[in-house]
Amino acid sequence: MTEEHKPLNFLEQIVEQDLAQDYSREDLRFRFPPEPNGYLHIGHCKAICISFGLGEKYGAPVNLRFDDTNPAKEEQEYVDAIKEDVSWLGYEWDKVCFSSDYFQQLYDWTIQLIKNGKAYVDSQSSEAMAEQKGTPTEPGVAGPYRDRSVEENLDLFERMKAGEFEAGEHVLRAKIDMQHVNMLMRDPLMYRVLHKSHHRTGDNWCIYPMYDWTHGESDYIEQISHSLCSLEFKPHRELYDWFLDQVYSGEDLRPKQREFARLNLNYTIMSKRKLLTLVEKGVVSGWDDPRMPTISGLRRRGYTPASIRNFIDAVGVAKRENVIDVALLEFHIREDLNKIAPRVMAVLDPVKLVITNYPEGKEEWLDAENNPEDESAGERQVPFSRELYIEREDFKENAGSKYFRLTTGKEVRLKNAYIIEGGEAIKDENGNITEIHCTYDPDSKSGSGTEASKSNVKGTLHWVSIPHAIPAEVRLYDRLFSDENPDGHKDKDFMEFVNPNSLQKITGYLEPSLKTAGVGDVFQFQRKGYFNVDKDSTPTKLVFNRTVGLRDSWAKIKPKPQQNKPQQKPQQQQQASPLSVINKLGKKLANLPDEKRINTLSDIHNHAVKLTEEEVKGFFNTSAKKIGTRLAGMESLYAFAKANSKEISSIEGAEEFVQKAREDSNELLQEAARKF
RNA sequence: UGGCCUAUGGUGUAACUGGCAACACGUCGGUUUUUGGUACCGAAGAGUCUAGGUUCGAGCCCUAGUGGGCCAACCA
C-alpha cells in the first residue's frame, strides 16, 4: 500500500524540513504573543490555532506570552480575558510569560550593544528623526547624535533609566544603516522614556523597550524554535535577525520568524482599535456583545470551541491575502450544534390557533424526541391544548402549490401532535389575522401507530400551547455591518456602515421544558435556528440569543415582498487601464451569479467607453473557449459603439465577432449578441 | 521613483516538489425525512493573471510585465 500523503500547510512543511535537517523534536517550541491591549478576535484564533495546533501536532510546548512593552495601553483586564479565551478554545499553554519579565535582561544586553558601538542615544524630536529616516524610495541620512562616544551614550542611557529625562527628550536607537532599503533597518528605536506605571512592573522602569527589540529576544530567552506571525511583520524579519545576531551565544537554539496571511472575514472588521471604538461609542454593549467578532462575543453568541477550530482548519494557512465568507463560519457552527443541541419548540412571531373540535379545558402531554441526531438524548413531554401559538408566517389564506404550510382546507401536521386541517381566519377591522381556526383528527396522534398518524402530509409546524407557554426575550442578530468590507473604503469611515438593525429584541413563547434552562445552554428552536441562554437571563426572565438560523431553502424560493437593495457598485480601481479592468472582470463573467453579473456588466460598459477602437478589436480573436472574455468583448463593443455612435459594420471584424457569438451554444453569449 | 510578499472555480485551500487541477463552503437538481433542518446522491463551475523561456512534459522552475498587499508610529 502506498503511503497516504496528507497535505501539509507551508508552516508545517518548514517544521518538517527543519526536523529532517538540524532540529530534533525536543527543540520545537512555539508561542502565542498577544499584546494585552484589547480582546482577542476571530483573527487571533487563526494565530492561536496555528501555534497551539503545531504544539499539539508535535507534542511541543507552547507559551502564552504577553507582549507588554507599552504601559500606556495595556491592562490586567485584557490579560485575564485573553487567558480565558485561549483556554476556552481548548488549548493548554506551557508557561504564561510576559515580555516585561525580561526587561532586566534586555537592559543588560543593551549596555553591551552600546559598548559595542551598536546603539546610541538620539536627542532629537521625533519629527526630526522621521525626516532623516527618508521614505521607502529615498535613503535616510544620519542625525547629529549618531556618532556620540560610547561613554556619552552609556551615561545618557543610564540617566534615561534613572528618570532624569522627560518623555521624548532622548531615545536609544540601534546603529545599523540609515541608507538601508528596509526602512526598519534605518537605526530603529530600541527604547523610549515613558513615565507610566506598568501593569506588572509598576514604577520600576521609566524606559520601555520597543517591539522589535523585545520580541525576538523574548523568543530567544524562551528558546522558541519557530516564531510565527502575520505577514505584515515580514519586513521586521531582517531586524529580528539583526538583533538576534547581537545577542546570540552560538550555542543554543536560535529562533526563526516565519509569516502567514492573517484571517479576514467579510462584513466585519478585525482591528482591535476599531473594535474598541465600537465598544467606547456604545454601538455594542461591550467586547462580548454577541455581534462582535471577538472570541468572547462569539462565545456569548453560542459558538462552540469546536466550531471555531474546525472553521480555522477549513480556512487553511497560506501567504496570500484572503477574505473568508462568514457563511463558512456559520456552516461550522451549524454542523457542530446540529449534533449536540436539544430540539425544542418556540414560537417567535405568534398567532393564535384554535382547534375547534378539541375539548375545552383538556390537556395532553405528548412525547417529543430531544434530538433526532442523537438517540441517547432521549425524550421529553410537551403539553398540548385547544389553543396554541404557531408562527404567523406558517399560515396563509391563499397559498400556491409550493406552500406546504397551513392554509384553509389543507392538512398539515403539528410536530409531535396531530394532523389538523386549516379553517377560518378571524381578522380585526384592519384585516390582520388575530386567530385561526382549524380542526384536528383525533386518530392522527404522533407515534400512535394508527393509519391516520402515518398519513403523508407535506408540512409540519412547530407550536406551543398558550396556557403553558413561557414568554422569553429573544435577541435576533444580523450582521453588524451592511458592507462586505466596511474597513476597505478610502473615502468612508467604517462607522458609516454600521447596520442599524443588527439587533432585534422580541418576545418569544417557549415550551415549558425550557423553564429550567441555564446560562449558556444551547438549543435548536425547531425550524427556526440555534439559540442559547444569554448571561442576562434570570430565573424569572429568560433571555435567548439566536446563534444562527437554520439553512432555509424555502426562503430562497418564496415570493419576496420586495427588494429595495441600494445597488452597491463594486469599487473601481483608479489606476488600472480600462482594458485591463475589463479583461479582469471578463475572466469570471460567465460564472457569476445573475445579480453580480449584471453589476459587472455595467462596470464593463463604464470602462468600455474609454477604450480605443484598436483595444476593442483586440477582443475579436479571443479564443472560443474563453466565454467570459468574449462576453466582455461583446459588451465592450456594444458600449464602445454606442458611446462613439458607430455602426458595427464600420468596425473591421466586428460583425463576424457578433455572428460567431449568435451561433455559440452559450446562452449568455447569444443574448449579448442579440443586442446588435 | 525603491524593496519585499503574492496571483489556481463565486470563496478558501490542495495538487506528494515537473506527469493531463482536487477538497471544503457556496450554487443548482434529486432521494429520504413528523424540522422546507440533517443525511445521502448527482451536476454545473477554473485549464491555474499575461507574454516569453527552460523541458519530452510547467499551476509548480527562470525572465519580464500586469494586478493586489506590506514598508516612512517614541504601537504591537
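Below, chains carry the letters A, B, ... as their sequence lines are ordered, and counting in each starts from 1. Since this is a predicted model, take the numbers as computed values, not measurements. Atoms considered below: every heavy atom in the structure, side chains included; atoms not considered: hydrogens, waters and symmetry mates.
- Listed pair Thr460(A) / G36(B) fails the phosphate criterion, with no side-chain N or O lying under 4.0 Å from OP1 or OP2.
- Arg186(A) places a side-chain N or O within donor-acceptor distance of the main-chain N or O of His180(A), the cut-off being under 3.5 Å.
- For Lys73(A), there are no salt bridge (charged side-chain N to carboxylate O under 4.0 Å, His left out) partners at least two apart in sequence or on another chain.
- Among U1(B), C5(B), A76(B), the nucleotide with an atom closest to any side-chain atom of Lys319(A) is C5(B).
- Heavy atoms of Glu127(A) sit nowhere under 4.0 angstrom from any nucleic acid atom.
- Side chain of Lys234(A), nearest nucleotide from A76(B), C4(B), U35(B): C4(B).
- Look at CD on Glu373(A): it is 11 Å from C1' on U33(B), rounded to the nearest Å.
- Partners of Arg146(A) by salt bridge (charged side-chain N to carboxylate O under 4.0 Å, His left out), not counting sequence neighbours, listed by chain and number: Asp187(A).
- By the side chain to side chain contact (heavy atoms under 4.5 Å, CB included) test, Leu19(A) is found to be paired with Val15(A), Tyr23(A), Leu28(A), Tyr58(A), residues two or more places apart in sequence or in another chain being considered.
- For the side-chain hydrogen bond (donor to acceptor under 3.5 Å, both in side chains) test, no residue two or more places apart in sequence or in another chain qualifies with Thr268(A).
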Could you go over nucleotides 26-30 of chain B and give all protein N or O partners under 3.5 Å, atom names and distances?
from	atom 1	to	atom 2	distance (Å)
U27(B)	OP1	Lys556(A)	NZ	2.8

Please tabulate, one pair per line, each protein N/O and nucleotide N/O from nucleotides 69-71 of chain B that are separated by under 3.5 Å, including the distance.
from	atom 1	to	atom 2	distance (Å)
G69(B)	O2'	Glu321(A)	OE2	3.2

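- You'll find that the side chain of Asp67(A) is closest to A76(B), out of G36(B), A15(B), A76(B).
- Both stacking criteria are satisfied for Trp554(A) over the base of G36(B): a centre-to-centre distance under 5.5 angstrom and an angle between ring planes under 30 degrees.
- Between Phe311(A) and His332(A), the ring-plane angle classifies as perpendicular under the 30° and 60° cut-offs.
- Following rounding to the nearest Å, His332(A) (NE2) and U13(B) (C1') show an atom-to-atom distance of 12 Å.
- For Val315(A), whose side chain is taken as the heavy atoms from C-beta onward, the closest listed nucleotide among G12(B), G37(B), C75(B) is G12(B).
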Watson-Crick and G-U pairing of RNA chain B, under 3.5 Å, as dot-bracket with | and [ ]: .((((((..((((.....[..)))).(((((.......))))).....(((((..]....))))))))))).....
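- Closest contact between the side chain of Asn70(A) and the listed nucleotides C75(B), C74(B), G37(B) involves C75(B).
- In this view, Lys161(A) satisfies the side-chain hydrogen bond (donor to acceptor under 3.5 Å, both in side chains) rule with no residue, not counting sequence neighbours.
- Of the candidates G36(B), U35(B), A76(B), the closest approach to any side-chain atom of Arg405(A) belongs to G36(B).
- For Lys528(A), the salt bridge (charged side-chain N to carboxylate O under 4.0 Å, His left out) criterion is met by Glu393(A), not counting sequence neighbours.
- Residues Lys256(A) and Asp18(A) are paired through a salt bridge, judged by an N-O separation under 4.0 Å between the basic side chain and the carboxylate.
- Considering only residues two or more places apart in sequence or on other chains, Glu217(A) meets the salt bridge (charged side-chain N to carboxylate O under 4.0 Å, His left out) condition with none of them.
- Positionally, the nearest nucleotide of RNA chain B for Phe10(A) lies more toward the 5' end than for the other of Phe10(A) and Thr69(A).
- Closest to the Tyr403(A) side chain, of the nucleotides U35(B), G36(B), C75(B), is G36(B).
- Across residues 522-530 of chain A, Gln524(A), Gln526(A), Arg527(A) each have a non-hydrogen atom less than 4.0 Å from an atom of RNA chain B (numbered order).
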Please write out each protein N/O paired with an N/O of nucleotides 58-61 of chain B under 3.5 Å, distance rounded to 0.1 Å.
none

Full working for salt bridge (charged side-chain N to carboxylate O under 4.0 Å, His left out) between Glu330(A) and Arg551(A): CA-CA 10 Å; Glu330(A) 292 179 347; Arg551(A) 269 188 78 213; over 6 Å; no
